[in-house]
Protein chains: 2
Amino acid sequence: MRSGSIDRKAQILKESTRLFSDAGYDKVTIKQIADACSITEPALYRHYASKEAIYDSVLDAIEVRLGTDDLFTALEKHSEIQPFLEEFAIHIIHYFTKNEDIYRLLLFSALRGHSKAKKVYQMIRGSYVKFLIMRLDRFFEEGKSIKKNNEVTARCFTGMVFDCALSTTLWKGFQGKAYKPEDVVANNVPIYARGLVTADEK
Amino acid sequence: MRSGSIDRKAQILKESTRLFSDAGYDKVTIKQIADACSITEPALYRHYASKEAIYDSVLDAIEVRLGTDDLFTALEKHSEIQPFLEEFAIHIIHYFTKNEDIYRLLLFSALRGHSKAKKVYQMIRGSYVKFLIMRLDRFFEEGKSIKKNNEVTARCFTGMVFDCALSTTLWKGFQGKAYKPEDVVANNVPIYARGLVTADEK
DNA sequence: TTCCTGAGTTAATATTTACTAACATACATA
DNA sequence: TATGTATGTTAGTAAATATTAACTCAGGAA
């Protein structure tokens with residue numbers, strides 16, 4: 001890159017991420033991306049070999065944006081199930097509200113059978129599930145939760161939260177009355193937590 | 001329709017439903033639909049005015065295929081929360097396993113921002129949620145469940161089940177070990193039910 | 001100064017694709 | 001038997017769109 005000039009490649013990545021998540025791969029044209037970057041179509045090909053190459057880069061870049069490590073560290077402070085699950089859920093919902101494009105892209109590519117969909121899906125969702133399994137196992141060892149298949153439990157709980165996140169983004173306005181994510185979590189996580197804790201704890 | 005001849009319009013609907021749910025609106029061509037019906041493209045236009053018209057009909061036809069009335073009648077026999085929720089969940093999961101195309105179509109049309117997406121979504125998911133709210137209200141009146149915002153509760157539980165249904169179809173094989181829907185329900189619905197029932201009941 | 005290279009342009013191409021025009025024909029009915 | 005209509009065909013058209021060809025030009029290195 002020449003000194004003083006803008007980072008065109010980064011600009012293309014940013015604009016195409018926005019466009020692809022808005023409309024999906026097929027509906028976005030090279031011209032749209034080029035226009036969004038204020039250059040012509042052939043100029044795009046100086047930076048990326050093809051439209052597919054741009055899309056690949058967009059999916060690759062998602063990895064960098066996840067950063068779940070901070071969350072997992074923060075969650076260590078909770079020694080009880082309910083507040084732990086609440087913060088876990090709130091984080092996911094807020095994250096996807098702020099990064100709606102990620103989930104849209106994920107759905108688009110998964111539905112289309114894109115080769116990277118599996119990888120991206122496992123990356124995003126799998127990291128949450130894996131951490132939750134580990135923590136649920138520990139809650140059980142500490143005698144705080146009843147015996148369950150924690151792999152299944154973790155998947156389902158994460159699924160419930162992801163679905164809720166979807167309701168506040170993709171399905172926004174589809175379900176009649178809109179609730180704040182905090183209110184939804186405050187209503188439902190206690191149900192789930194109450195169903196998990198050992199009888200003595202109640 | 002001429003006697004003895006096949007119902008071409010129904011055939012087009014069936015084949016295009018399959019194709020649209022496989023690949024989404026944009027990726028399906030008129031030629032593909034025509035080929036699937038063993039006719040030429042212009043012949044399609046004898047039955048439908050446009051590609052968009054075919055898609056509209058596909059979404060309209062979903063309504064007919066849902067048939068939740070039977071389920072809701074069958075569920076009346078359950079007087080306890082847990083078996084009720086279990087049959088509710090199992091039904092949805094089995095239904096979407098058998099009719100994977102419906103959920104795929106729903107997602108495609110929602111992502112595409114298709115004008116009918118909202119209607120179809122409300123139709124499919126709303127009917128389950130509405131019924132569940134009504135039943136949860138009754139469980140509470142009977143003193144069988146604790147006080148909750150049942151609209152939120154119903155949405156979340158339905159969301160968890162829908163997500164689980166998705167895991168057995170759209171996300172199949174993405175999550176490592178595959179569990180049978182029955183096993184997933186047997187693990188998770190009791191958690192949720194246990195979190196909902198009044199203390200006396202336990 | 002000279003020249004190479006990165007980054008851009010305009011113009012064109014090849015392909016895909018929704019849709020139409022014009023024509024053909026078998027069947028039901030008057 | 002005659003004929004209109006439903007249903008099909010072949011052969012287009014027009015628009016969209018990914019990609020390429022050929023050329024321009026500014027700025028740093030030799």
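Chain A is the first sequence line, chain B the second, and so forth, proteins listed ahead of strands; every chain is numbered from 1.
Atom-to-atom, NZ of K51(B) to P of dT20(C) comes out at 15 Å; the value is rounded to the nearest Å. The interatomic distance linking D35(A) (CG) with dG8(C) (P) rounds to 14 Å, in whole Å. Between E52(B) atom CD and dT17(C) atom P the separation is 16 Å, expressed in whole Å.
Of the residues in residues 40-48 of chain A, E41(A), P42(A), Y45(A), R46(A) come within less than 4.0 Å of DNA chain D through at least one heavy atom, sorted by number. For the segment residues 10-33 of chain B, the set of residues with a heavy atom within less than 4.0 Å of an atom of DNA chain C comprises V28(B), T29(B), I30(B), in numerical order.
Of the side-chain N and O atoms in R8(A), one or more sit less than 4.0 angstrom from OP1 or OP2 of dG8(C).
Here the two rings, on F20(B) and Y55(B), have centers that are under 6.0 Å apart.
Residues that satisfy the ring-ring contact (aromatic ring centres under 6.0 Å, His included) test with Y48(B), not counting sequence neighbours, are absent from this structure. With sequence neighbours excluded, the residues that form a salt bridge (charged side-chain N to carboxylate O under 4.0 Å, His left out) with D26(A) are R112(A), K27(B).
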Please determine whether side-chain contact (heavy atoms from CB on, under 4.5 Å) holds for the pair L132(B) and L85(B), giving the CA-CA distance in whole Å, both sets of side-chain angles, and the decisive distance to 0.1 Å. CA-CA 9 Å; L132(B) 188 52; L85(B) 289 180; 4.0 Å; yes
Determine, stepwise, if the pair F140(B) / I146(B) fulfils side-chain contact (heavy atoms from CB on, under 4.5 Å). CA-CA 6 Å; F140(B) 176 69; I146(B) 60 176; over 6 Å; no
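Between H91(B) and Y128(B), the ring-plane angle classifies as tilted under the 30° and 60° cut-offs.
Side-chain contact check for E86(A) and Q82(A): at least one donor-acceptor pair (N or O, by modelled atom type) lies under 3.5 Å.
Counting heavy atoms from C-beta outward, E87(B) and L75(B) have side chains that approach closer than 4.5 Å.
Salt bridge absent: E141(A) and R138(A) never bring a charged side-chain N and a carboxylate O closer than 4.0 Å.
Within the structure, side-chain hydrogen bond (donor to acceptor under 3.5 Å, both in side chains) pairs that include any residue of residues 180-193 of chain B comprise T153(A)-N187(B), N188(A)-Y192(B), Y192(A)-N188(B), H94(B)-E182(B) (at least two apart or interchain).
The rotation axes computed at either terminus of the helix from dT1(C)-dA30(D) to dA30(C)-dT1(D) lie 10° apart, taking five pairs at each end and rounding to 10 degrees.
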